[in-house]
Amino acid sequence: MTTLFISDLHLDTARPQIVEQFLAFVRDEAAHADALYILGDFFEAWIGDDAAGELENTVADALAALHAQGVPVFFMHGNRDFLLGDAWARRARLTILPDPSVIEIEGERILLMHGDTLCTDDEAYQAFRTQTRDPQWQRAFLSRTLAERRAFAAQARAGSQRHTRSVAEVITDVNPDAVQTALRMHRVRKLIHGHTHRPARHQFALDGNAVERIVLGDWYEQASVLRS
C-alpha cells in the first residue's frame, strides 16, 4: 500500500484534460492507496463553497467515492483555493489540514506545507497573503455577489501572472533560511510541499542530520504524484 501526495492541479473548466486525468487517477490508482494528500492549489480558483458548479461537484463525488472505498483524503489550502470551506469538504468527505502539518508514515515524521509561506523573499505576495487570510477580509469577500467574486478572482490571477513574469525566479522560490527554520521548528528531517511548480528532491545537511525537501510538480504537462 502507498500514501500519495499531489498538489497544484489547478483544476478548471478551461483545462478539461487535467480534470479527466485526475478522475482517472482517483479511479485507477488512488483507490488502492492508504491515503491521498492534496497540498493546495487543487483548483485554479475558489471563490466560495456556494459557487461550486458542475466541475466542483464532479470532483467532490469522485473524492467521496474514494472515501467510501476506505481511502482517506486530506486537503491543505493553497494560494488559489484558500477559501475552500467546510461545506464542500463535507460533501467531498475530505479532511482539511492546517498549513503546516506533521504526519507520520512508518515511524517517520514528515512536514507537509503548501509552500507559499516559504517564499519569504516575495514580499509583495506575502503582503497579499496576509490580507486575504484575515477572517474579516474573507467574510467581507464572501458577502459579495458571485459576479463580483469572479471578477476579483480573474483580476487576481492576471495580477499574479504579471508579478511572476516581472520578478526574478529566485524571488518566487523558497527561501533556504525559511526552509531550515521550518524543519527545525517541527523537528523533522523531511518536508513535502508544492506551490513553486519546480519538482525536485533537495537533500542537504542540517545540524548534523541528513534532511530532504521534496517539491511536488504541477499537472500541466503530466500527472505529478509522489508515492511514499
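The model shown is predicted, which means the values in this text are computed figures rather than measured ones. Positions are given from 1 along the sequence. Just so it is clear, the values below take in all heavy atoms, side chains as well, and ignore hydrogens, waters and symmetry mates.
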TODO: Consider only side-chain heavy atoms of I, L, V, M, F, W and Y, link residues closer than 4.5 Å, and tell whether Ile96 and Trp46 are in one cluster.
DONE: yes
Open item on the list: Check Asp12 with Arg80, please: is the shortest side-chain N to carboxylate O separation under 4.0 Å?
Closed with: no
Open item on the list: Regarding His10 and Asp218, do their side chains bring together a donor and an acceptor under 3.5 Å, going by distance alone?
Closed with: no
Open item on the list: Against Leu118, only a single residue in Thr196, Val174, Asp177 fulfils side-chain contact (heavy atoms from CB on, under 4.5 Å); can you say which?
Closed with: Val174
Open item on the list: Would you say that Lys190 contacts Ile214 through its side chain, given a criterion of any heavy-atom pair below 4.5 Å between the two side chains?
Closed with: yes
- [ ] Please tell me if the side chains of Leu4 and Arg227 come closer than 4.5 Å, counting only heavy atoms from C-beta onward.
- [x] yes
Open item on the list: Please evaluate residues Thr172 and Arg198 with respect to the criterion side chain to side chain contact (heavy atoms under 4.5 Å, CB included), reporting the C-alpha separation (whole Å), side-chain torsions for both, the decisive distance (0.1 Å), and the verdict.
Closed with: CA-CA 11 Å; Thr172 57; Arg198 295 163 186 163; 3.0 Å; yes
Open item on the list: So that I know where these two stand, are Trp88 and Phe43 an aromatic pair - ring centroids less than 6.0 Å apart?
Closed with: yes
Task: Heavy-atom closest pair, residues Leu206 and Arg184 - done: CD1-NH2, 3.3 Å
- [ ] Would you check if Asp116 and Asp99 make a side-chain contact, meaning some heavy-atom pair closer than 4.5 Å?
- [x] yes
- [ ] Measure the CD-CD distance between Gln136 and Gln131 for me, rounded to the nearest 0.5 Å.
- [x] 11.0 Å
TODO: For residues Val215 and His193, determine if any side-chain heavy atom of one lies less than 4.5 Å from a side-chain heavy atom of the other.
DONE: yes
TODO: Determine, for Phe82 and Arg133, whether the Lys NZ or Arg CZ falls below 6.0 Å from the six-membered ring centre while staying within 45 degrees of the axis.
DONE: yes
Task: Verdict with supporting geometry, Asn79 and His114, side chain to side chain donor-acceptor pair (under 3.5 Å) - done: CA-CA 8 Å; Asn79 53 293; His114 174 57; 2.8 Å; yes
Task: Asp61 CG to Leu66 CG distance, which is reported to the nearest 0.5 Å - done: 12.5 Å
Open item on the list: Ring-plane angle category for Trp137 and Phe141, please: parallel below 30°, perpendicular beyond 60°, tilted otherwise.
Closed with: parallel
Open item on the list: Are there over 12 heavy-atom neighbours, none belonging to Gln155, within less than 6.0 Å of that residue's CD?
Closed with: no
Open item on the list: Looking at every heavy atom in both His195 and Cys119, which two are closest together, and how far apart are they?
Closed with: CD2-SG, 3.7 Å
Open item on the list: Quick check against the 3.5 Å criterion: does Arg149 have a side-chain atom that pairs as donor or acceptor with the backbone of Arg144?
Closed with: yes
TODO: In sequence, state the C-alpha distance, the side-chain angles, and the governing distance for Thr117 and Arg129, and then conclude on side chain to side chain contact (heavy atoms under 4.5 Å, CB included).
DONE: CA-CA 9 Å; Thr117 57; Arg129 187 185 192 283; 3.4 Å; yes
TODO: For Asp81 and Phe42, indicate whether the former's side chain and the latter's backbone hold a donor-acceptor pair under 3.5 Å.
DONE: yes
Task: Least distance between heavy atoms, Thr132 atom then Gln138 atom - done: O-NE2, 2.9 Å
Open item on the list: To check you understand the geometry: which heavy-atom pair defines the closest contact between Ala45 and Arg157, and what is its length?
Closed with: CB-NH1, 3.3 Å
TODO: Look at the side chain of Asp49 and the backbone N and O of Ala87, then say whether any donor-acceptor pair between them is shorter than 3.5 Å.
DONE: yes
TODO: Group every Ile, Leu, Val, Met, Phe, Trp and Tyr by side-chain heavy-atom contacts under 4.5 Å, then state whether Val73 and Met113 land in the same group.
DONE: no
- [ ] May I ask you to test the Tyr37-Ile110 pair for a side-chain heavy-atom distance under 4.5 Å?
- [x] no
Open item on the list: For the backbone of Pro72 and the side chain of His67, can you confirm whether one donor and one acceptor N or O come within less than 3.5 Å of each other?
Closed with: no
Open item on the list: If I take atom OG1 from residue Thr2 and atom CD from residue Glu29, how far apart are they, to the nearest 0.5 angstrom?
Closed with: 7.5 Å
- [ ] Flag the pair Val59 / Leu63 as yes when at least one side-chain heavy-atom distance between them is below 4.5 Å, and no otherwise.
- [x] yes
Task: Shortest non-hydrogen contact between Ser7 and Leu216, atoms and distance - done: OG-CB, 3.4 Å
- [ ] Consider only side-chain heavy atoms of I, L, V, M, F, W and Y, link residues closer than 4.5 Å, and tell whether Ile6 and Val71 are in one cluster.
- [x] yes
Task: Check: Phe74 and Ile103 side chains under 4.5 Å, non-hydrogen atoms - done: no
Open item on the list: Other residues, nucleotides and ligands only: do more than 12 of their heavy atoms fall within 6.0 Å of CD on Glu104?
Closed with: yes
Task: Cluster overlap Phe5 with Phe22, hydrophobic side-chain contacts below 4.5 Å - done: no
Open item on the list: Measuring from atom CG of Leu11 to atom CD1 of Ile38, what distance do you get when rounded to the nearest 0.5 angstrom?
Closed with: 8.5 Å
TODO: Give a yes or no answer on whether the side chain of Trp219 reaches the backbone of Ser224 with a donor-acceptor pair at less than 3.5 Å.
DONE: yes
TODO: First locate atom CG of Asp173, then atom OG1 of Thr120, and finally report the distance between them rounded to the nearest 0.5 Å.
DONE: 10.5 Å
Task: Sole residue of Glu20, Gln21, Glu44 in side-chain contact (heavy atoms from CB on, under 4.5 Å) with Arg15 - done: Glu44
Open item on the list: Can you confirm whether more than 12 heavy atoms, excluding those of Gln17, are under 6.0 Å from its CD atom?
Closed with: yes
Task: Donor-acceptor contact below 3.5 Å, side chain Arg91 vs main chain Ala60 - done: no
Open item on the list: Could you measure the distance from the CG atom of Leu36 to the CG atom of Leu94? Nearest 0.5 Å is fine.
Closed with: 9.5 Å
TODO: For Leu226 and Ile192, work out which heavy atoms get closest and say how close.
DONE: CD2-CD1, 3.6 Å
Task: Arg189 atom CZ, neighbour heavy-atom count above 12 within 6.0 Å - done: no
Open item on the list: Has Arg109 got a side-chain atom pairing as donor or acceptor with His186's backbone, closer than 3.5 angstrom?
Closed with: yes
TODO: Indicate if Leu97 and Phe75 have the same hydrophobic cluster label, given that clusters are the connected sets of ILVMFWY residues with side-chain heavy-atom separations under 4.5 angstrom.
DONE: no
Open item on the list: If you define the side chain from C-beta out and look only at heavy atoms, does anything of Arg187 sit under 4.5 Å from Val102?
Closed with: no
- [ ] Please confirm whether the backbone N or O of Gly53 pairs with a side-chain atom of Asn57, one donor and one acceptor, at under 3.5 Å?
- [x] yes
